[in-house]
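All residue numbers refer to positions in the sequence shown, counting from 1. Note that ligands are numbered from 1 as they come in the structure, with each ligand's atoms numbered from 1 the same way. All of these numbers come straight from a predicted model, not from anything done at the bench.
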Amino acid sequence: MNERIHHTMGQQSGRRSWAEPWKIKMVEPLRMTRRSDREGALAGAGWNTFLLRSDDVYIDLLTDSGTSAMSDRQWAGMMLGDEAYAGSRNFYRLEQAIQRWYGYEHVVPTHQGRGAEHLISQTAIRKGQYVPGNMYFTTTRLHQELAGGIFVDVIADEAHDPADRSPFKGDVDLAKLERLIVEHGATNIAYVSLAATVNMAGGQPVSMANVKALRELCSRNGIRLFLDATRLVENAFFIQEREPGYADRPIAEIAREFCGHTDGAWMSAKKDSLVNIGGWLAVRDRTLFEELRNLVVVYEGLHTYGGLAGRDMEAMAIGIEESMQDDHVRSRIGQVRYLGELLDDWGIPMVQPVGGHAIFLDARAFYPQLSQDQFPAQTLAAELYLDSGIRSMERGVVSAGRDPATGGHHYPRLELTRLTIPRRVYTQAHMDVVAESVKAVYDGRAAARGLKMSYEPRYLRFFQARFEPL
Ligand code: P70
């Protein structure tokens, strides 16, 4: 006789269970693979998960970018696309949604986030100017550098320590920023580049107190403050959860208040806003807007479509509103946290506290036998794929690229492998499979030997680099 009594995950944690605020209407079958299939696929992909075909992947945690499931309302919106070259009705719907939920007056649509980064960098940076930011992001920094800017990391020190459990590891260290201003003069600073949440630090939030103080410092020195709003909704959740005075405020209100401290924002709508493609740039200053609106026609498309179809803008307008709902955000971050708590209980080394969009495994702690030149995080991504067909992403020395001044590798303190959770796509059972695979790879960590790079492209090398096992 079976004496065991099974418990739900909620019961095991001493609480009532909760579930997602949606149900599934359409499914996309996944292909299960065998280890021998995966060995062939990984070798063919040069040991780089970006080069795998998605048909060879079982659970795809490469990114939460453009991989979320749209709602029935968004799909219905796709049928309302006004595919006019100029003045599409959907653009005005999008413009209104951005004005209402983010609070910026002037809006320029772009095909995705880096399109917006390109435009703001070309417009707001003069060659040789400094661009301080709360940790680099790959595409953001590259566009700043291509415009002649010099990126300077001014994030709080805690952000570089995976084990530090501070609640707002995305905060700017104001003393670092002030030193930069004193050293180079305010006129040599193009703007402050603030991301909320901070992707490369592990999806870590910025506090409202920090953005307020930053606003004051910038205003005193006549420096503009621009926001990477890609995962601002998730940032607002953490403010609601952790910052005194915000517990009873809706996420939408917190997000809007946060934007209120900034001069403008760029957005990859492929994340928070629940669409497969799209982005925007929005500012308060009319003169800057005129310049941006002029430049968008050179690189993206007319200022009322920016590289998007009318239907894409409609889906984005609807997605923005859905993304701001408290129940949605709680369930989205709740799922990431569910996976994080399992791994934490099992002693798996990762960035703490668990952030908004992903689990970031600490590859240095997995593989103390490997130096950074043997690409520990790339190795870990490869091992996870071999074990179970899960696809993750390297966020370490490969992603950090080379220093444009010296040509040498950047050696970031964080050497991480990211398990990124798409929104509204996978179930709790998928998370269990992922957790068990991470555990299996961790248990086998002593056998890892590392990789060497056999091909290195010039820009954003992590996307297309190839490796060989050592
Ligand atoms: C990811 C994606 C994109 C992104 C972002 C932040 C905070 C801007 C962008 C650019 C996709 C990606 C991009 C480069 C390397 C790996 C993956 N992040 N700001 O997976 O937006 O992709 O729309 O041009 O996270 O984190 P877009």
Discussion item. Taking atom CD as the centre, does Q99 end up with more than 12 heavy-atom neighbours from other residues, nucleotides or ligands that are less than 6.0 angstrom away?
Written reply: yes

Worksheet item: Does the pair R93/D82 count as a salt bridge with the N-to-O cut at 4.0 Å?
Response: no

Practice prompt. Check whether any side-chain N or O of R284 sits under 3.5 Å from a backbone N or O of D263 as a donor-acceptor pair, and report yes or no.
Written response: no

Worksheet item: Under 3.5 Å, is there a donor-acceptor pair between the side chain of S392 and the main chain of L62?
Response: no

Worksheet item: For V397, does its backbone N or O pair with a side-chain atom of E415 as donor and acceptor, under 3.5 Å?
Response: yes

Practice prompt. Would you verify whether the NZ or CZ of R231 falls within 45 degrees of the ring axis of F237 while also being under 6.0 Å from that six-membered ring's centre?
Written response: no

Response to the item:
Those residues with a heavy-atom separation under 4.0 Å from ligand 1 are T63, S65, Q112, G113, R114, E117, F137, T138, T139, N199, D228, T230, R231, S268, K270, K271, M393, R395, R418, F462, F463

